[in-house]
Protein chains: 2
Amino acid sequence: MQTRPWIQIAEDLRLRITSGEYAEGERLPSGSTLMGEYGVARQTIQNAVDQLRAEGLVSSIAGRGWFVSKRRPITRLARNRLSADERTAGRGAFLTDAAAADFTPTVTVRVWKEEAGEEVASYLDVPSGTQVLVRDRVMRADGDVVQLAASYLPADLVQGTQVEHVDTGPGGTYARLEEAGFALSHFTEFVSARSPRPAEAESLRIPHGHPVIQVTRVAFAADRPVEVNFISMASDRFQLVYQIDAR
Amino acid sequence: MQTRPWIQIAEDLRLRITSGEYAEGERLPSGSTLMGEYGVARQTIQNAVDQLRAEGLVSSIAGRGWFVSKRRPITRLARNRLSADERTAGRGAFLTDAAAADFTPTVTVRVWKEEAGEEVASYLDVPSGTQVLVRDRVMRADGDVVQLAASYLPADLVQGTQVEHVDTGPGGTYARLEEAGFALSHFTEFVSARSPRPAEAESLRIPHGHPVIQVTRVAFAADRPVEVNFISMASDRFQLVYQIDAR
DNA sequence: GAGTGGTCTAGACCACCCT
DNA sequence: GGGTGGTCTAGACCACTCT
């Protein structure tokens with residue numbers, strides 16, 4: 001086998017953590033101590049700890065030490081809440097989640113128009129370069145950024161509606177679309193994950209190496225796509241929940 | 001702001017790639033060249049490239065160089081295929097996907113019994129320590145490992161059925177469950193992402209730093225959980241697709 | 001054999017935290 | 001001030017690839 005030292009050290013430390021030798025919230029031995037214990041250089045220990053941090057087992061505080069991560073409560077986001085009932089209740093999806101998970105939500109919105117790039121155009125089934133309305137949103141929970149989202153809608157569809165404004169009114173964009181004659185039939189969500197760019201990681205307060213969940217949601221009105229929404233969120237804080245009928 | 005050098009270099013290289021200065025599949029300048037260009041040490045360049053690799057923009061071949069990643073075709077896994085129609089068609093989910101995505105599937109299965117740990121017990125709504133049947137599966141596409149899955153079922157539920165054997169027969173576990181009187185009502189899928197352990201990354205052939213999509217699927221028969229399935233797959237190869245009704 | 005990526009080492013500096 | 005994590009440097013070695 002002969003794995004590299006940093007991998008072996010990571011595996012050993014992982015074992016010591018999961019076996020309970022170091023309890024939740026407890027401090028790991030310092031870098032210098034571990035250098036001595038394993039007889040390796042500083043950087044090698046760092047690599048091992050970086051791995052455990054990416055896995056979510058360890059978090060670090062500069063100047064204090066490495067700590068066994070406390071299992072943070074994970075917010076479960078029920079995706080099937082996009083149903084008409086929830087929508088007409090007058091609250092957007094994020095605000096509904098906030099109520100369920102008990103945090104104070106803030107949403108910062110910027111709105112502008114641009115020409116659709118290739119990806120957006122393909123999701124919306126329009127030619128590249130078509131004018132689209134962009135709704136860029138930063139969602140905070142108790143002040144911390146937790147989700148980034150950018151919606152794209154064909155500009156002619158929402159011309160003169162409240163969707164063009166920062167505040168879309170009760171029920172949000174979807175409610176306004178329905179009023180404009182685009183009754184939503186279904187949503188398609190594409191779910192994946194990726195490593196965030198450093199700037200993104202910093203704004204979402206993601207530990208280095210931690211993945212981001214990437215959801216691309218397309219809203220359809222009578223089989224015509226009317227909105228595509230790109231959503232990013234930290235994978236250590238959120239879990240998506242989908243209900244699938246068996247029949 | 002004053003970001004660290006490796007972040008700035010990563011950002012610069014990302015720009016040079018996305019702007020098209022280096023085309024898809026093209027080789028980046030060598031480490032030594034970049035050390036000279038940016039006036040930094042080898043390790044700093046390495047850190048920058050590691051970041052781009054985690055983002056999926058760059059892949060590396062030891063002894064050859066760093067290359068701008070070719071956008072691999074992503075296999076979209078339609079989750080709503082868990083419906084009764086698909087199930088009675090006689091093929092498991094993975095084999096259906098294989099047919100759709102055009103690869104040759106292989107599944108290696110190991111089966112055993114053990115006592116349920118805390119997590120499994122809570123998903124199955126049984127006491128910790130209850131006997132469960134474990135079906136551990138390695139799924140390969142054209143020989144490459146692409147998915148790992150481990151199913152847990154209450155042992156008494158499947159006592160004496162074909163589910164206890166490696167080959168569950170046409171329609172798989174779900175078909176056998178229905179025959180045993182447990183008509184499936186719905187599935188709940190919890191979707192998240194995480195950084196793989198090094199060993200896991202190697203077996204799934206995941207570039208270092210690349211996330212794994214983690215799906216936990218619970219099958220219900222008349223509101224009683226009868227199976228929990230933990231599925232891992234590489235996020236650069238798969239995307240999950242969910243259809244959500246709007247009414 | 002020369003060039004490449006990947007890793008390890010030893011030493012240094014910084015920002016930060018806790019007396 | 002002494003300890004801590006995080007980063008950068010300069011130099012080394014290895015496995016690999018392409019002549």
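Just so it is clear: chains get the letters A, B, ... in the order the sequence lines come, proteins before strands, and each one is counted from 1.
- Between A:R64 and B:T33, the one whose closest nucleotide on DNA chain C sits nearer the 5' end is B:T33.
- Mapping B:G39 and A:P29 onto DNA chain D by nearest heavy atom places A:P29 closer to the 5' end of the strand.
- With the nearest nucleotide of DNA chain C identified for both A:Q43 and A:G63, A:Q43 has the one nearer the 5' end.
- Here D:dG3 presents its P atom at 14 Å from CE of A:M35, a figure rounded to the nearest Å.
- As a whole-Å value, the separation of B:R42 CZ from D:dC13 C1' is 11 Å.
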Requested in this report: Decide yes or no on side-chain contact (heavy atoms from CB on, under 4.5 Å) for B:Y38 and B:L13, but give the supporting numbers first.
Outcome: CA-CA 11 Å; B:Y38 291 104; B:L13 286 175; 3.8 Å; yes

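- Nucleotide C:dT7 holds its P atom 7 Å from the CZ atom of B:R53, rounded to whole Å.
- Taking side-chain N and O atoms only, A:S60 has no distance below 4.0 Å to OP1 or OP2 of D:dT4.
- Atom CH2 in A:W6 sits roughly 11 Å away from atom C1' in C:dG6 (whole-Å rounding).
- Straight-line distance from the CH2 atom of B:W66 to the C1' atom of C:dG3: 13 Å, rounded to whole Å.
- Rounded to whole Å, the distance from CD on B:Q46 to C1' on C:dT7 is 8 Å.
- In this structure, A:R14 and B:P198 have side chains that are in contact, with non-hydrogen atoms separated by less than 4.5 Å.
- Residue-level contact check: B:V49 touches neither bases nor backbone, having no heavy atom under 4.0 Å from any strand.
- Taking CG from A:L148 and CD from A:Q214, the interatomic distance works out to 9.5 Å, rounded to the nearest 0.5 Å.
- Regarding contacts with the backbone of C:dT9, a side-chain N or O of A:T44 is found under 4.0 angstrom from either OP1 or OP2.
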